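Working notes, structure below.
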Amino acid sequence: MKLVLNIWRQKNQNSRGGMVRYELDGVNEHMSFLEMLDVLNEQLTEKGEDPVTFEHDCREGICGCCGFMINGVAHGPHRGTTVCQLHMRHFRDGEELWLEPWRAAAFPVLKDLLVDRAAFDRIIAAGGFISVNTGSAQDANTIAVQKHCAELAMDAAACIGCGACVAACPNASASLFVGAKISHLALLPQGQPERSRRALNMVAQMQQEVFGSCTNIGECEAVCPKGVKLENIARMNREYIKAAWAYREEAAAGGGG
Amino acid sequence: MNLDSRCPSGPIEQKWDKAKFEMKLVNPANKRKYSVIVVGSGLAGGAAAATLGELGYNVSCFCFQDSPRRAHSIAAQGGINAAKNYQNDGDSVFRLFYDTVKGGDFRAREANVYRLAEVSVHIIDQCVAQGVPFAREYGGVLANRSFGGAQVSRTFYARGQTGQQLLLGCYQALERQVGAGRVAMYYRHEMLDLVVIDGRARGIITRDLVSGKIAAYVADAVVLATGGYGNVFFLSTNAKGSNATAIWRAYKKGAGFGNPCFTQIHPTCIPVSGDYQSKLTLMSESLRNDGRIWVPKEKGDKRTPSQIPEAERDYYLERRYPSFGNLSPRDIASRAAKMVCDDGLGVGPTGLGVYLEFAEAIGRLGRTTIEERYGNLFEMYERITGEDPYSSPMRIFPAVHYTMGGLWVDYNLQSTIPGLFVLGEANFSDHGANRLGASALMQGLADGYFVIPYTLGHYLAGVKPGNLTPDDPEVLAAQRAVEDKTRQLLAIKGKRSVDSIHRELGKVLWEYCGMARNRAGLEHAIAKIPEIREEFWKNVNVTGENAEMNQALEKAGRVADFLELGELLCRDALIREESCGGHFREEYQTEEGEAVRNDDKFCHAAVWEYKGENQAPERHIEPLEFEYVHLAQRSYK
Ligand SMILES: Cc1cc2nc3c(=O)[nH]c(=O)nc-3n(C[C@H](O)[C@H](O)[C@H](O)COP(=O)(O)OP(=O)(O)OC[C@H]3O[C@@H](n4cnc5c(N)ncnc54)[C@H](O)[C@@H]3O)c2cc1C
Ligand code: FES
């Protein structure tokens with residue numbers, strides 16, 4: 001099949017970008033979307049032109065590297081699917097597509113369809129962990145974990161950190177990403193000792209990065225390739241409010257935050 | 001080349017304790033004076049960097065992706081082994097050790113494998129404490145499944161995303177150290193060379209993948225945990241960026257390369273669909289817990305699978321290996337698939353495929369249970385092929401998956417270059433000639449969390465910290481060499497894309513150094529690869545320039561190294577005149593097509609030494625002794 005691709009081309013973070021139109025013939029329905037772009041890049045290289053830069057690595061929908069907007073939808077039209085797992089059988093012959101990078105102030109474009117998501121790492125570094133040095137763990141079966149809790153924690157932990165939630169949100173909020181991590185750890189007994197600090201610190205870091213606020217629109221859940229649910233944001237809000245109170249009580253009692 | 005394994009003396013179950021006690025220590029106040037470079041943020045590198053940070057060393061960690069969380073360990077699906085014996089089904093440290101040595105077809109070092117089995121139990125404890133959401137039973141205890149090559153259930157898992165969850169645990173521990181200022185994380189940095197001064201590893205040269213800046217970083221020791229080199233075949237289950245550059249550069253600086261030809265072909269992957277194919281997708285081995293593998297008994301049977309009655313199907317693994325059946329080790333299952341396809345019984349449009357069917361399991365356990373166990377794998381299959389595996393069987397075929405070969409290391413995980421340590425898939429590993437499923441995650445974490453913190457400390461206690469800066473003339477010379485090579489790649493501006501040449505190399509390797517190898521084929525490949533290499537250096541087109549983000553340049557550097565490594569793979573395979581594990585030489589097989597080892601001549605690790613441009617590398621050996629698991633023909637019948 002044949003496609004018309006309008007792709008955002010931008011040389012680097014400081015230059016202005018713009019849409020460039022390409023026509024691509026011979027697209028096979030069994031190709032993945034990125035394999036289709038590989039074919040385009042092969043042709044551009046043959047002509048001595050700069051191939052289109054996009055982020056990718058595993059091509060199995062798990063590393064979270066890939067992602068861009070296809071016709072305004074993060075990761076494209078197929079629900080629950082990263083763009084590396086999206087296959088061309090979902091498109092029609094002759095279709096015209098618009099590819100753009102994630103758009104968010106916290107994710108500056110580095111080149112073409114590739115953005116900088118280091119803000120996510122900084123949020124995790126602020127508290128998205130359980131402080132347990134190697135060697136200090138007890139036997140793994142000492143603490144029983146309700147199957148139901150383990151499953152819910154796993155649902156939240158399935159987040160791949162691709163950033164589609166931020167890109168889809170009109171406010172460019174990172175709440176789904178942050179809520180997923182806070183939920184994952186708050187749902188497990190191992191996460192309890194740092195529960196309050198974690199919520200406070202991660203939310204504070206999220207606010208320091210230039211993400212917007214959540215106004216419960218739900219676009220994030222709709223595009224999440226891993227089906228991470230909005231209830232994680234609700235849980236984050238509850239955790240945060242509870243923690244804010246706990247923090248005050250602790251502080252009043254002369255304890256740490 | 002000094003190949004002293006430095007294994008401690010004494011009974012095998014006491015060796016590691018003895019070694020730990022005898023190792024020198026660095027006192028807590030002195031630790032921060034020592035700087036350590038860790039290249040790689042996968043399970044091995046991430047675990048090492050986090051743990052060394054916790055201990056108080058001054059750590060810098062590098063990865064080429066945009067975040068340490070994206071290392072290829074993230075893609076591991078099925079699970080991680082540990083000798084917990086929570087199932088009370090007869091498992092023990094000794095049994096895991098035994099299974100691993102036997103599974104590796106007696107080509108691994110016993111002492112290392114024993115240690116691996118021993119620390120496996122601590123890994124699970126550590127990961128659970130970090131919040132890894134492993135699968136659980138209703139009573140709240142951890143669940144297990146079985147993997148190939150074992151008759152006990154010792155595999156821990158988090159749905160089909162075990163690697164992801166283990167890596168996130170590890171990444172979070174790492175980010176905690178980053179936040180605490182004990183680890184400096186350099187993401188989007190690719191290591192392009194190793195700095196060796198006075199015979200010791202002292203730093204690395206990297207390219208910043210955003211700005212193109214080439215820079216030197218120096219340290220008191222360097223740890224490589226850069227993963228496997230399966231992408232030398234172009235098509236593999238590895239991520240697109242997985243590469244051999246770090247270990248290949250170290251090899252060219254004097255590190256011995258162990259058993260390069262030991263590569264693993266995984267039996268259950270989604271078959272190739274066309275020339276545009278960019279990678280192959282694994283369908284986890286865990287599926288073989290409940291899936292049954294078969295082909296039609298008749299050649300050219302064009303009926304749909306559901307129309308083929310039971311009696312006209314050949315469940316060839318169950319037939320040939322009744323006691324392990326569908327859970328036979330990978331090398332055996334892959335070769336069996338190749339044999340039925342060679343006999344013309346393969347299925348699907350290309351004839352290169354076999355069925356993996358769940359109908360029986362769905363009937364027995366119900367769809368919900370199967371969904372719970374494998375839901376995400378089934379979805380992935382459906383997404384890629386457009387077919388629904390709940391209603392018709394999956395089609396699968398073997399694909400390159402893992403490399404047991406890698407840089408040779410001693411018991412302390414130190415390469416032949418003092419101060420250069422190698423962890424995870426990048427080292428020549430504890431898996432011998434074939435790795436058992438769910439053992440790579442175990443090895444990566446064992447190396448990173450529990451081995452290197454001791455052995456690196458022992459090394460550092462014997463050297464003086466500091467005393468080297470990035471503007472040292474030798475460091476600058478190494479940096480200039482990298483800049484020159486980069487310029488050279490960009491100056492060719494020929495006609496062919498990097499990928500097209502990489503594909504060509506991959507085809508040669510798959511054909512002649514893949515699932516079955518023979519003398520004539522290997523000799524052909526050894527003649528052919530230098531031609532492809534020449535074509536590359538004459539006619540590749542690396543577009544763009546250095547001082548920018550340039551993915552073509554990144555790929556070109558990696559492929560340039562694969563073009564050299566590919567030849568070494570074939571040389572190693574040619575000299576090893578036996579069949580063992582993943583290395584199957586057609587000349588050495590039984591009448592039923594089983595592998596025949598030659599323990600008299602090849603009961604050793606082959607270790608290659610680089611001898612310079614256009615010189616044949618030299619082959620050394622480390623003899624292997626089997627005191628505890630006696631050499632025997634492997635049997636899974
Ligand atoms: C699809 C798939 C499924 C698997 N499933 C399982 C399973 O179920 N159980 C199991 O035990 N094993 C499994 N394996 C194998 C296992 O995942 C790997 O062997 C293991 O994760 C490797 O870990 P590692 O830390 O050694 O390397 P990786 O995780 O590959 O990490 C390599 C790191 O090195 C960095 N790096 C590489 N080169 C450079 C360079 N030149 N410069 C800078 N940084 C560099 C990368 O950025 C990355 O951070 C699977 C493998 C695949 C491919
Ligand atoms: S490339 Fe890894 S998720 Fe798409």
Side-chain angles (χ1 to χ4, degrees), chain A residues 11-12 28 30-31 34-35 38-39 42 45-46 48-51 53 55-65 81 85 87 89 110-111 114 116-118 120-121 124-126 128-134 137-141 144-147 150 153-154 157-158 161 184-185 188 190-191, chain B residues 50-51 54 65-67 69-70 72 74-75 84 86 124-126 128-131 133-142 158-159 161 164-165 168 172-173 175-176 178-179 187 210 239-241 273-274 276-279 281 380 383-384 386 449 453 497 499-500 541 543-544 548-549 551-552:
Chain A
K11 203 162 167 43
N12 55 43
N28 179 309
H30 294 302
M31 287 177 178
L34 298 187
E35 283 170 345
D38 288 343
V39 174
E42 191 80 11
T45 308
E46 267 165 32
E49 289 176 35
D50 204 14
T53 299
E55 191 128 48
H56 66 108
D57 199 22
C58 73
R59 296 202 176 190
E60 288 189 8
I62 192 74
C63 72
C65 279
T81 307
Q85 293 272 286
H87 279 67
R89 65 181 79 89
L110 296 179
K111 189 172 182 181
L114 185 149
D116 179 0
R117 290 168 290 199
F120 273 7
D121 286 339
I124 299 294
F129 47 73
I130 290 173
S131 301
V132 49
N133 282 0
T134 302
Q138 58 192 336
D139 182 83
N141 258 347
V145 179
Q146 274 187 44
K147 187 175 165 71
M154 179 65 215
H184 160 207
L185 299 175
L188 294 171
Q190 289 81 3
Chain B
T51 307
E54 288 163 7
Q65 292 94 343
D66 72 323
S67 162
R69 68 179 289 155
R70 311 213 194 274
H72 187 50
I74 200 94
K84 282 285 198 187
Y86 285 155
I124 303 302
D125 300 343
Q126 185 63 31
V128 166
Q130 288 171 344
F134 282 119
R136 291 188 179 257
E137 306 290 355
Y138 280 106
V141 296
L142 291 157
R159 298 199 187 139
Q161 289 124 282
Q164 179 199 26
Q165 294 309 315
L168 292 181
Q172 288 163 203
E175 287 298 335
R176 176 174 155 239
V178 172
Y187 50 86
V210 179
K240 292 297 286 175
S273 72
Y276 47 78
Q277 190 97 26
S278 61
K279 74 154 284 167
T281 302
M380 186 162 22
R383 249 179 242 127
I384 293 173
Y449 284 137
S497 72
D499 274 353
S500 77
N541 185 4
T543 49
E548 61 173 348
M549 178 167 266
Q551 292 178 327

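Keep in mind the model is a prediction, meaning the values are calculated, not measured. Letters A, B, ... mirror the listed sequences (proteins, then strands); counts begin at 1. Every heavy atom of this structure was used, including side-chain atoms; hydrogens, water molecules and symmetry mates were not.
In this structure, the portion of Gln65(B) lying under 4.5 Å from any heavy atom of chain A is its side chain and not its backbone. Residue Ser273(B) touches chain A through its side chain alone, counting heavy-atom pairs closer than 4.5 Å. For Val210(B), the part lying near chain A is the side chain, with the backbone staying farther off; criterion is any non-hydrogen pair under 4.5 Å. In this structure, the portion of Glu548(B) lying under 4.5 Å from any heavy atom of chain A is its side chain and not its backbone. Only the side chain of Tyr86(B) comes within contact range of chain A, with at least one heavy atom under 4.5 Å from a heavy atom of that chain. Using a 4.5 Å cut-off between heavy atoms, Ala150(A) contacts chain B through both its backbone and its side chain. Residue contact with chain B, scored on non-hydrogen atoms closer than 4.5 Å, involves the backbone of Gln138(A) exclusively. The contact between Leu168(B) and chain A is made entirely by side chain atoms (from C-beta outward), counting heavy-atom distances below 4.5 Å.
Across all their heavy atoms, Thr543(B) and Asp50(A) have their closest contact at OG1-OD1, 4.1 Å. Residues Arg70(B) and Asp57(A) come closest through the heavy atom pair O-OD2, 4.0 Å. Summarising the geometry of Gln172(B) relative to Phe129(A), their closest heavy-atom pair is O-CB, 3.6 Å, with the distance given to 0.1 Å.
Using a distance-only test at 3.5 Å, with no hydrogens or angles considered, a donor-acceptor pair links the side chain of Gln164(B) to the main chain of Ala158(A). For His184(A) (side chain) and Gly131(B) (main-chain N/O), a donor-acceptor pair under 3.5 Å exists by modelled atom type.
In this structure the side chain of Met154(A) reaches within 4.5 angstrom of the side chain of Arg159(B), judged on heavy atoms.
Arg69(B) has no carboxylate O lying under 4.0 Å from a charged side-chain N of Asp121(A), or vice versa, which leaves the two without a salt bridge.
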